[in-house]
Amino acid sequence: MRRNLAARLGVWSAHHRKAAVLGWLVFVVLATVIGGATGTVTASDEEMGVGDSGRAAEILKDAGVDEPAGELVMVGARTADGWRDAAADLSKALDATGEVRGLKAPLPSEDGKEALLRFEIKGASDDAVDHVEPVLDAVAKARDDGAGHGISVHQFGDASSEKELSDLLADDLKKAEFTAVPLALGILLIAFGAVVAALLPVGLALTACVAAFGLLSLASHQLHLFETTYSVMFLMGLAVGVDYCLFYLRRERDERAAGRDAETALRIAAATSGRAVLVSGLTVMVAMAGMFLSGLLLFKGFAVATILVVCVAMLGSVTVLPALLAGLGDRIDAGRIPFLNRRAKKGSYKKGSYKKGAHASGGLAGKVLRPVLARPKFFAVGAAVLLLALAAPALGMKTEQLGLEKQFGSDAPLSVAYQEITDEFPGGPAPARVVVKADDIGAQPVRDALDSLTRKAGDGAELTVHKAAGVAEIAVPLPGDGTDAEAKKALHELRDDTVPAAFDGLDVDAYVGGDLASSEDFGDQLGRGIVPVFAFITAVTFLLMLFSFRSVVIAVTSIALNLLSVGAAYGVMTAVFQYGWGAELIGSEKVGAIENWMPLFVLVVLFGLSMDYHVFVVSRIRESRDRGMDNRAAIREGIMRTAGAVTGAAVIMVAVFAVFGTLSMQDMQQMGVGLGVAVLLDATVVRMILLPSLMTLLGERNWHTPSCLRWLPKISHEDAEPTAGPRTHAYNTRVPSAR
C-alpha cells in the first residue's frame with residue numbers, strides 16, 4: 001500500500017535523524033534571531049479604527065495631525081480649596097520632569113474639593129509611553145506626600161493607561177509561561193510516568209512557540225499587531241503543540257505495547273496519528289483564516305499568529321518528533337517515576353484486533369462506553385440536553401467593549417482613578433471628537449458652522465483648527481462616565497442629528513471619532529463580520545471532513561457537535577462573567593457583559609481545536625472499520641484506543657486555558673474559561689458519550705458515500721500490515737549501528 005504523506009515524512013525523518021533534528025534547531029534559531037533583530041511593529045490607533053471613527057483618525061493621520069497623549073491628574077482634599085498647595089507643588093514637579101507640555105491651571109470641581117490638572121506628554125503620541133515614567137514618579141510622590149494630610153491624587157491618561165496595560169500584559173504572559181509549562185509537564189509525567197517521554201512534547205511545543213514568535217515579528221512589519229496577540233499565540237501554541245506530539249507519541253507507544261517492532265510502530269504512528277495531525281492542523285489553520293473576513297485588524301493579527309504557531313507545531317510533530325523517537329528507541333522511557341510508569345508489556349497483534357492485554361489504555365473508556373453503546377438513544381438525548389442546558393444562558397448574552405473598570409477589575413488602581421475622575425469631571429477622560437475636513441477650512445460658512453457646533457457641545461468643548469492641513473477638530477465631552485448608556489445616547493445624537501445639521505449644505509467631510517465612537521464602530525463591524533466568518537469556517541470544516549472520510553454524515557455531524565461545544569462555552573461564559581455565577585471562585589467579578597470580540601474569537605478557535613479530537617478519534621474508528629469490524633465494534637475499538645491520548649491532551653489543554661482564566665485582564669479570563677470549558681466538554685461529553693451514541697444510531701450511514709461523490713479519492717486510515725515477527729532496526733538500538 002502506498003504510504004501517505006505523513007508516513008513518508010515520518011520514515012524519512014527516522015532514517016535521516018541528524019538532518020531532521022539539526023534542520024529543526026537551525027530553523028528555530030534563525031526564526032528567533034531574525035525576528036528579534038527586526039523587532040515587532042504594533043498597531044497604531046489610526047490602524048485600529050473602522051467606520052466613521054476610523055475615517056476621522058485617517059483624516060488626522062493624512063493631514064499630519066498627531067493627537068497628543070493627554071493626561072489628567074485629579075487632586076482632592078477634605079475641604080474646599082484644600083487641594084491648592086498640593087496642586088501647586090505637583091504642577092512644579094511635573095514641569096521639572098521635562099516631559100510635560102500645555103499644563104493648564106487647575107480646574108475646580110463643583111463642590112471645590114477637587115481640582116483637575118490637564119497636560120500632554122511631549123513628543124509623538126506613539127512614543128508617549130516611553131516618556132511617561134518620570135511623570136508617573138512625580139504623581140506617585142505627590143500621592144505619598146499627601147496621604148497623611150488628607151490629600152488624594154489620581155492619574156489617568158493615554159500614556160499612563162497604555163503603560164499600565166503593557167506592563168500588565170507582560171506580567172500576565174510571564175505568569176502564564178511560568179505556570180502553564182510546569183503544569184503541562186507535570187500532567188505529562190503522570191500520563192507517561194517517564195521524564196524523557198514527558199519532556200519531548202513540552203520541548204517541541206516550546207520550540208515551536210519560540211520559532212513562531214520570531215516569524216510573527218517578521219509578519220508584523222506587513223500586518224501590525226495588538227499586544228494581546230502574543231498571549232493568544234502562546235496559548236494556542238503550547239496547547240496544540242503538546243497535543244500533536246501527544247497523539248503521535250501515544251500511538252507509537254501503543255503499537256510497541258501491542259508487539260510491534262520499533263520501525264513498524266513508528267511507521268504506523270506516522271501513517272495514522274501523523275496523518276490525523278496533518279488533517280487537524282490544516283483544518284485549524286484554514287478555520288483561523290476565516291478571521292480575515294471579519295474586516296478587523298485585531299482578528300487579522302490573531303489569524304496570522306495562530307496559523308503560524310499551528311503550522312510550525314504541526315510540521316515539528318511530523319518531522320522532528322519521528323527523528324527523536326527513532327533516535328531514542330526504548331530510551332523514551334528513561335527517567336521512570338515509581339508507581340507512575342504503567343507502560344504495558346509487549347503483547348501481540350492480529351489482523352483486525354489487538355490481543356487482550358496488549359494495551360493498558362482504554363479500560364475506563366470501555367466501562368463508560370458499555371452503557372452508551374447499549375442504550376445510544378438515551379445517552380444521545382441526555383448529552384444533547386446537557387449541552388443545550390449549559391448553552392441556555394447565552395440567549396441573554398450582551399457584548400460590549402469593556403471599559404477599564406470592568407477590564408482590570410473595580411479594585412485596580414487605574415480603574416479607581418478613572419472612576420474618581422469621571423465622577424467629578426464627566427466626559428473628561430474620553431470626549432468624542434468631531435473631525436472636519438474642507439478644501440477651505442477658514443471659509444466663513446465653515447468657521448460659522450464650527451463655532452456653532454462648539455457652542456452647542458456645551459462647557460468643556462474645545463475647537464482646534466489646523467488651517468494648513470484643512471482640518472478642524474472639536475473635543476466634545478460626553479455625559480455620564482463617557483462609556484455608559486447616557487454617553488452612548490449622546491454620541492448617537494451627535495452623529496445622527498447635531499453634526500449633520502451643523503454642516504448641512506456645506507462641502508465638508510465630518511466624522512465623529514473618539515474612544516466611545518471607536519468602540520461602537522468596532523462592535524458594528526463585528527456584527528457584520530460574524531456571518532461571513534461563520535459561513536466560511538462551517539464550509540471549510542464540511543469540505544475537509546468530506547474529503548478525509550468521504551461521508552456527508554460525518555461532515556454534518558462534525559459541524560453539529562462543534563456548534564454544541566461552542567454554544568455550551570458561550571453559556572458558561574455568560575453565566576460566569578455577565579451574571580456573575582461563580583465568578584469569585586476564579587478571582588473575577590460580575591461585569592455584566594462579554595468582551596465584544598470574544599464570541600467570534602471563541603467560535604473560530606473552538607471550531608479549529610475541536611477538530612484535533614474529532615479527526616483523531618474518527619480516524620481511529622474508520623481505521624478499525626477498514627479492518628473489517630462492524631460499525632458498533634469499530635466505534636468501541638476506536639474510542640478505547642484513543643481515550644488515553646484524548647484525555648491526556650484535553651487535561652493539558654484545559655490546564656493551559658485555566659491558567660489564562662486566572663490572569664489579571666477580564667478578556668484573558670473570559671477567553672481562558674470559555675476555551676477551557678469547551679475543550680473539557682468536547683473531550684468528555686461530546687467524544688465519550690454524544691459521538692459514539694450518535695454514530696451507533698446512524699449505523700452504516702456513517703460510512704456511506706453518495707454516488708455523486710464517489711469520485712473523491714479514497715484515503716486509507718490504516719497502514720499496511722507489519723511483516724511477520726518483530727524486526728530489529730538500526731534506530732531501535734541504543735548505539736546506532738552502521739548501515
Side-chain angles (χ1 to χ4, degrees), residues 67-97 99-122 125 128 132 135-136 138-143 145-147 149-161 403-405 413-434 451 453-465 473-484 486-487 490 494 514-516:
E67 194 68 40
E71 290 290 322
L72 302 172
V73 179
M74 188 179 77
V75 182
R78 296 193 184 101
T79 59
D81 295 335
W83 46 265
R84 291 192 178 277
D85 291 341
D89 291 341
L90 178 56
S91 297
K92 293 177 183 178
L94 291 172
D95 274 331
T97 64
E99 301 290 354
V100 168
R101 68 183 180 192
L103 180 61
K104 296 179 174 61
L107 175 67
S109 62
E110 290 185 3
D111 61 6
K113 293 182 180 180
E114 295 84 17
L116 191 66
L117 298 177
R118 296 166 293 172
F119 56 91
E120 298 164 1
I121 304 298
K122 286 183 178 179
S125 58
V132 76
V135 176
L136 293 174
V139 173
K141 185 177 184 304
R143 184 183 300 114
D145 292 343
H149 301 87
I151 300 296
S152 62
V153 180
H154 299 286
Q155 179 180 6
F156 182 86
D158 297 328
S160 56
S161 59
L404 288 170
E405 182 180 359
L414 199 64
S415 301
V416 172
Y418 179 85
Q419 195 61 50
E420 290 287 341
I421 293 174
T422 54
D423 285 346
E424 297 299 330
F425 301 91
R433 294 191 177 275
V434 180
D451 292 337
L453 181 57
T454 304
R455 287 193 299 271
K456 288 181 181 179
D459 295 338
E462 295 182 0
L463 170 64
T464 305
V465 178
E473 55 179 326
I474 305 172
V476 181
L478 295 174
D481 65 1
T483 61
D484 58 12
E486 187 180 3
L494 185 66
D515 291 348
L516 181 59

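- Heavy-atom neighbours of D451 CG from other residues, nucleotides or ligands within 6.0 Å: above the threshold of 12.
- Applying the side-chain hydrogen bond (donor to acceptor under 3.5 Å, both in side chains) test to R78 and every residue at least two apart in sequence or in another chain returns nothing.
- The line from CG of L516 to CZ of R433 is 13.5 Å long, rounded to the nearest 0.5 Å.
- For the salt bridge (charged side-chain N to carboxylate O under 4.0 Å, His left out) test, residues two or more places apart in sequence or in another chain that qualify with K141 are D145.
- Every side chain to side chain contact (heavy atoms under 4.5 Å, CB included) that P106 has, sequence neighbours left out, goes to W83, A87, A115, L117.
- Judged by distance alone, with hydrogens and angles left aside, the side-chain atoms of E71 form a donor-acceptor pair with the main-chain N or O of A159 at under 3.5 Å.
- Closest heavy-atom contact between F425 and M74: CE1-SD, 3.7 Å.
- Annotation for A487 and P479: closest pair CB-O, 3.4 Å, computed over non-hydrogen atoms.
- Here the rule is side chain to side chain contact (heavy atoms under 4.5 Å, CB included) with Q419, and of T422, V416, I421 only T422 fits it.
- When the side chain to side chain contact (heavy atoms under 4.5 Å, CB included) test is applied to A138, the partners found at least two apart in sequence or on another chain are A93, L94, T97.
- Residues meeting the side-chain hydrogen bond (donor to acceptor under 3.5 Å, both in side chains) test with E120, sequence neighbours left out: R101.
- For the side chain to side chain donor-acceptor pair (under 3.5 Å) condition, no pair includes a residue of residues 86-95, sequence neighbours left out.
- Evaluation of the side-chain hydrogen bond (donor to acceptor under 3.5 Å, both in side chains) rule for R118 yields no partner, not counting sequence neighbours.
- The salt bridge (charged side-chain N to carboxylate O under 4.0 Å, His left out) check on E99 picks up nothing, with sequence neighbours excluded.
- Shown here are the side chain to side chain contact (heavy atoms under 4.5 Å, CB included) partners of T464, two or more places apart in sequence or in another chain: H466, E473.
- Contacts of A417 classified as side chain to side chain contact (heavy atoms under 4.5 Å, CB included), with partners at least two apart in sequence or in another chain: H154.
- Across every non-hydrogen atom of A77 and G82, the tightest pair is CB-C, 3.5 Å.
- Here CG of L72 is found 10.0 Å from NZ of K104. Values are rounded to the nearest 0.5 Å.
- In this structure, the salt bridge (charged side-chain N to carboxylate O under 4.0 Å, His left out) partners of D81, at least two apart in sequence or on a different chain, are R84.
- When all heavy atoms are compared, the tightest approach of A432 to L494 is CB-CD2, 4.0 Å.
- Nearest heavy atoms, V75 versus A86: CG1-CB, 4.0 Å.
- Summarising the geometry of V135 relative to Q155, their closest heavy-atom pair is CG1-NE2, 3.8 Å, with the distance given to 0.1 Å.
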